[in-house]
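Not measured: the values here are computed from a predicted model.
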Amino acid sequence: MTSPLPEPASRPAPPAQLRASHDDRDAVVEQLRDAAAEGRIDLDELDTRVGQALISKTYAELAALTADLPGARLPADLPGAQPSKDLPPLLLKGGMHGTSRGPGRWEVPGHVIAHGGMGGVKIDFTRAECRFAEVLVEAYGEMAGVTIVLPDSWAVETGGMDPGVGGLKDRTTTDRSPGTPLIRLTGTGGMGGVVVRHPNRWERRKLRDNPAQA
């Protein structure tokens with residue numbers, strides 16, 4: 001009689017998805033208060049971030065709240081994370097003529113900063129490769145605005161965004177597929193505003209006519 005095969009070991013959760021403790025949340029709150037005392041964030045933003053910290057459940061959620069502060073630990077830097085090449089924050093400036101990232105393949109860092117300037121910025125994540133559970137996107141609409149295009153399976157959290165004069169237009173659905181990134185949007189709409197949406201009809205047609213290479 002043969003012995004039964006052992007049960008396969010369950011696959012451990014990625015470090016960024018591990019549950020945070022009370023001490024972890026308290027440490028982030030203390031870091032946020034220090035940042036406010038140094039003038040890095042204002043009191044309204046402090047209140048917003050502290051509130052989010054107190055209800056955060058995972059390391060990734062906590063990391064997103066301090067990703068734009070000195071000494072921040074992004075999800076890939078959490079204890080037990082697998083070594084990977086360092087991805088510095090991505091800074092996009094619209095300047096006079098505008099700029100964009102995507103829709104081709106590009107690797108998403110844990111922190112993206114976009115300044116619309118006079119020409120505007122477009123960030124297209126539809127074919128981006130992202131190894132983070134959450135990505136912090138700071139969008140400053142300024143004069144011409146910032147447009148963010150997300151795949152249908154991705155979701156966005158806009159609670160940290162100041163709409164400004166130009167406003168914030170969130171045209172995404174609330175459906176998020178398991179294992180896909182969450183975009184945490186902060187910043188201000190400025191004069192030009194910030195738009196976050198899924199691909200429009202023309203963009204979908206281009207994606208269909210130009211399938212991604214394996």
For Leu207 against Arg127, the heavy-atom pair lying closest together: O-NH2, 2.9 Å
Do Ser21 and Asp23 have side-chain N/O donor and acceptor atoms under 3.5 Å apart? no
So, for Gly159 and Thr48, which heavy atoms are closest and what is the spacing to 0.1 Å? O-CG2, 4.2 Å
Contact summary for Val28 and Ala53, nearest pair of heavy atoms: CG1-CB, 4.1 Å
Can you name the residues that form a side chain to side chain contact (heavy atoms under 4.5 Å, CB included) with Ser56, not counting sequence neighbours? Glu61, Leu62, Leu65
So how far is it from Thr66 OG1 to Gln31 CD, rounded to the nearest 0.5 Å? 4.5 Å
Any side-chain heavy-atom pair from Val165 and Met191 closer than 4.5 angstrom? yes
Below 4.5 Å, heavy atoms only, C-beta onward: do Glu157 and Glu134 meet side chain to side chain? no
Within a radius of less than 6.0 Å around CZ of Arg204, do more than 12 heavy atoms belonging to other residues, nucleotides or ligands occur? yes
So which atom in Phe132 and which in Gly110 form the shortest heavy-atom distance, rounded to 0.1 Å? CE1-N, 3.2 Å
Can you name the nearest heavy-atom pair linking Thr180 to Ser153, along with the distance? OG1-O, 3.1 Å
Is there a path of hydrophobic side-chain contacts, each under 4.5 Å between heavy atoms of I, L, V, M, F, W or Y residues, that connects Ile183 with Val112? yes
How far does CD1 of Ile123 sit from OG1 of Thr126, to the nearest 0.5 angstrom? 12.5 Å
Is Arg171 close to Val196 at the side-chain level, that is, under 4.5 Å between some pair of heavy atoms? no
Is Lys93 paired with Glu142 through a side-chain N to carboxylate O contact shorter than 4.0 Å? no
Trace of the salt bridge (charged side-chain N to carboxylate O under 4.0 Å, His left out) decision for Glu30 with Arg25: CA-CA 9 Å; Glu30 188 65 26; Arg25 285 184 279 271; over 6 Å; no
For Lys57, is there an ion pair with Asp24 - N to carboxylate O distance below 4.0 angstrom? no
Steps toward side chain to side chain contact (heavy atoms under 4.5 Å, CB included) verdict (Thr173, Asp152): CA-CA 8 Å; Thr173 65; Asp152 293 329; over 6 Å; no
Using the rule that two of Ile, Leu, Val, Met, Phe, Trp, Tyr join whenever any of their side-chain heavy atoms come within less than 4.5 Å, decide whether Val149 and Val146 are in one cluster. no
Quick one: are Ile148 and Val195 in side-chain contact, heavy atoms under 4.5 Å? no
Measure the CZ-CG distance between Arg40 and Leu32 for me, rounded to the nearest 0.5 Å. 12.5 Å
Calculate, to the nearest 0.5 Å, the distance between atoms CD and CG belonging to Gln52 and Leu54 respectively. 10.0 Å
Check each of Val121, Leu168, Thr188, Asp162 against Val194 using the side chain to side chain contact (heavy atoms under 4.5 Å, CB included) test, and report the only one that passes. Leu168
Is the closest basic N to carboxylate O distance between Arg33 and Glu38 below 4.0 Å? no
I'd like to check Cys130 versus Val135 (side-chain heavy atoms, cut-off strictly below 4.5 Å). Are they in contact? yes
Below 30° counts as parallel, above 60° as perpendicular, anything between as tilted: where do the rings of Phe125 and Trp106 land? tilted
Report the C-alpha distance between Arg197 and Thr147 in whole Å, list the side-chain angles of each, state the deciding distance to 0.1 Å, and finish with yes or no for side chain to side chain contact (heavy atoms under 4.5 Å, CB included). CA-CA 8 Å; Arg197 58 175 175 79; Thr147 298; 4.0 Å; yes
Using side-chain heavy atoms (C-beta onward) and a distance below 4.5 Å, is His198 in contact with Glu203? no
Are the side chains of His115 and Leu92 in contact, using a 4.5 Å heavy-atom criterion? no
Out of curiosity, Asp42 CG to Asp44 CG, how far, rounded to the nearest 0.5 Å? 5.5 Å
Group every Ile, Leu, Val, Met, Phe, Trp and Tyr by side-chain heavy-atom contacts under 4.5 Å, then state whether Leu182 and Val137 land in the same group. no
Using side-chain heavy atoms (C-beta onward) and a distance below 4.5 Å, is Ile113 in contact with Leu90? no
What closest approach, in Å, do Ala144 and Met118 show between heavy atoms, and which atom pair accounts for it? CB-O, 3.3 Å
Going only through I, L, V, M, F, W and Y residues with side-chain contacts under 4.5 Å, is there a path from Leu136 to Ile41? no
